[in-house]
Amino acid sequence: MADFPANLRYSVEHEWIDDATPATVGVTSVAADALGDVVYLELPEVGATIEAGTVVGEIESTKSVSELYSPVSGTVVAVNDAAVDDPALVNSEPFGAGWLFKVDVTGEGQLLSAEEYAQHAG
């Protein structure tokens, strides 16, 4: 079973979020591995209001295109331009440099602990 950072929380759609302000959102190693080589990211725009559980972008890989869901509601305050320019960061560092966007959180969707996510993803 893969290890997932215990300081993060996870969605059933394979996104992670930290508890910082603003909160950082990315996709898990499970999602990155399932996607294969990520070649394109479509992320929400800075200033966009997003809702937990709704589609906020797309991740395109050599295998498929997957929808990106927001684990929280709030306002997008930053996007990871480095990952947009080099989408392979999502594969190589999904919990680090491959983060996707930051949001000022106003509400949360259903989030799982690392242990709960590991059981879900297992």
Side-chain angles (χ1 to χ4, degrees):
M1 186 180 297
D3 285 331
F4 303 105
N7 63 317
L8 302 176
R9 291 182 295 155
Y10 302 86
S11 72
V12 294
E13 291 89 8
H14 307 290
E15 285 83 21
W16 59 262
I17 187 164
D18 66 14
D19 288 326
T21 303
T24 302
V25 176
V27 295
T28 67
S29 53
V30 171
D33 291 347
L35 285 165
D37 295 332
V38 176
V39 296
Y40 177 76
L41 295 172
E42 181 184 307
L43 301 177
E45 293 184 16
V46 171
T49 300
I50 56 176
E51 294 293 324
T54 62
V55 175
V56 294
E58 289 183 343
I59 300 177
E60 186 175 331
S61 71
T62 54
K63 289 194 224 176
S64 66
V65 176
S66 294
E67 294 179 324
L68 175 65
Y69 293 86
S70 179
V72 294
S73 299
T75 303
V76 177
V77 296
V79 295
N80 187 350
D81 291 328
V84 171
D85 293 343
D86 183 10
L89 285 172
V90 172
N91 295 110
S92 62
E93 296 185 60
F95 296 112
W99 63 274
L100 300 178
F101 61 94
K102 295 185 183 227
V103 61
D104 275 335
V105 177
T106 59
E108 296 182 350
Q110 181 180 356
L111 297 172
L112 307 173
S113 69
E115 183 178 307
E116 290 166 334
Y117 179 73
Q119 291 174 348
H120 168 77

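All heavy atoms count here, side chains included; hydrogens, waters and symmetry mates do not.
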With the 4.5 Å side-chain cut-off for hydrophobic clustering, are [X] and [Y] part of the same group?
X	Y	answer
I59	Y69	no
V103	L41	yes
L8	V12	yes
F95	L112	yes
V105	V77	no

Kindly give the heavy-atom pair with the smallest separation between [X] and [Y], and that separation in Å.
X	Y	result
F4	S29	CE2-OG, 3.8 Å
A34	K63	O-NZ, 3.4 Å
S73	A52	OG-N, 2.9 Å
I50	P44	CG2-CB, 4.4 Å
A114	A6	CB-CA, 3.8 Å
V30	A121	CG2-CB, 3.9 Å

Between atom [atom1] of [X] and atom [atom2] of [Y], what is the distance when rounded to the nearest 0.5 Å?
X	Y	atom1	atom2	answer
D33	N91	CG	CG	7.5 Å
D86	E93	CG	CD	10.0 Å
E108	S70	CD	OG	10.5 Å
K102	I17	NZ	CD1	11.0 Å

Problem set entry | Salt bridge flag under 4.0 Å for residues R9 and D19 |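 Judged by the 4.0 Å cut-off on N to carboxylate O distance, R9 and D19 do form a salt bridge.
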Taking [X] for its side chain and [Y] for its backbone only, find out whether a donor-acceptor pair lies under 3.5 Å.
X	Y	answer
S61	L35	yes
T28	E15	no
D18	T24	yes
Q119	E116	no

Exercise. Can the ring centres of Y117 and H14 be said to be less than 6.0 Å apart?
Worked result: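 Ring centres of H14 and Y117 closer than 6.0 Å.
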Exercise. Can you tell which of V56, V84, V27 makes a side-chain contact (heavy atoms from CB on, under 4.5 Å) with L100?
Worked result: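 The option that passes is V27.
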Exercise. So among V25, V55, L43, which one has a side-chain contact (heavy atoms from CB on, under 4.5 Å) with L68?
Worked result: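 Result: among V25, V55, L43, L43 is the only option passing the side-chain contact (heavy atoms from CB on, under 4.5 Å) with L68.
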Exercise. Checking side-chain hydrogen bond (donor to acceptor under 3.5 Å, both in side chains) for the pair E42/Y40: CA distance, chi angles, key distance, verdict?
Worked result: CA-CA 7 Å; E42 181 184 307; Y40 177 76; 4.5 Å; no
Problem set entry | Any side-chain heavy-atom pair of V39 and P87 under 4.5 Å |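 V39 vs P87: side chains apart.
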For this session: May I ask you to check whether over 12 heavy atoms, not counting those of Q110, lie within 6.0 Å of atom CD?
Result: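 Result for CD/Q110: open.
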